[in-house]
Amino acid sequence: DAKTTQPTSMDCAEGRAANLPCNHSTISGNEYVYWYRQIHSQGPQYIIHGLKNNETNEMASLIITEDRKSSTLILPHATLRDTAVYYCIVSNQGGKLIFGQGTELSVKP
Amino acid sequence: DAGITQSPRYKITETGRQVTLMCHQTWSHSYMFWYRQDLGHGLRLIYYSAAADITDKGEVPDGYVVSRSKTENFPLTLESATRSQTSVYFCASSEQNTEAFFGQGTRLTVV
């Protein structure tokens, strides 16, 4: 599985868009980009995933660059409840997910 | 109820004891996973299974045993618990290249 690089921490003002970057320069053609988040000590929660095209769902948008070497998760209107650790993962092995250290997002009033 | 259930939620055991953590999912997902998360760190994959009777090692398999005789169950056994295995254990299930669903975790303390 390709490795990912994420900033250790980020801050975002409540109500503003949170843009979380992820570098995955060694991604191969059949690897998906997944985003999960973990709030406190709960089990990780799926957010979104994509292969080549940009994706949007009710939680977030995923923007993947044309060369697929990086991506950005966008939370359009961050709330205090979005404070969590966000994990960017690339995988093609039947959904086997190898977690890195993630980005600790703090949404501030 | 549909979902993924881990039991017990909390467990204290003594060094050297055998302990089994249970994981049950109701979706008939092909893939199941066990992770551990040490305090202040990310999740590490212990074992995973692509189908009943098919299991494979993850990043940190030493000291653990798994089995999967039925699609819906994926128990994790610590054959002889050590203090270093004190952790929060998460089970997950998914289909290939789709979202994974995680359980609420089992907090294991080895004394």
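Numbered from 1 within each chain, the chains take letters A, B, ... in sequence-line order.
- Both A/Y46 and B/F90 belong to a common hydrophobic cluster when Ile, Leu, Val, Met, Phe, Trp and Tyr are linked at side-chain heavy-atom distances under 4.5 angstrom.
- Residues B/L39 and A/F99 do not share a hydrophobic cluster, clusters being chains of Ile/Leu/Val/Met/Phe/Trp/Tyr side chains in contact below 4.5 Å.
- Taken together through direct or relayed side-chain contacts under 4.5 Å among Ile, Leu, Val, Met, Phe, Trp and Tyr, A/L105 and A/I74 form parts of separate hydrophobic clusters.
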Do A/L97 and B/L45 pass the side chain to side chain contact (heavy atoms under 4.5 Å, CB included) test, and can you show the C-alpha distance, the side-chain angles, and the key distance before you say yes or no?
-> CA-CA 8 Å; A/L97 305 171; B/L45 181 65; over 6 Å; no
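- Atom CD of A/E55 is surrounded by more than 12 heavy atoms from other residues, nucleotides or ligands within 6.0 Å.
- Remark: B/I12 CD1 is loosely packed, at most 12 non-hydrogen atoms of other residues, nucleotides or ligands lying under 6.0 Å away.
- Other residues, nucleotides and ligands place no more than 12 heavy atoms under 6.0 Å from the CZ atom of B/R17.
- Contact of the A/K96 side chain with the B/F33 side chain is registered, since non-hydrogen atoms from C-beta on lie closer than 4.5 Å.
- For the pair A/Q38 and B/L43, the minimum side-chain heavy-atom distance is below 4.5 Å.
- With values rounded to the nearest 0.5 angstrom, B/Q96 atom CD is found 8.5 Å from A/Y32 atom OH.
- Of the atoms belonging to B/R107, it is side-chain heavy atoms, and not backbone ones, that fall under 4.5 Å from chain A.
- A pairwise comparison of heavy atoms in A/Y87 and B/Q37 identifies OH-NE2, 3.9 Å as the closest pair.
- For the pair A/Y36 (side chain) and B/A100 (backbone), a donor-acceptor distance under 3.5 Å is present.
- When heavy atoms are compared at a cutoff of 4.5 Å, B/E99 approaches chain A by way of both its backbone and its side chain.
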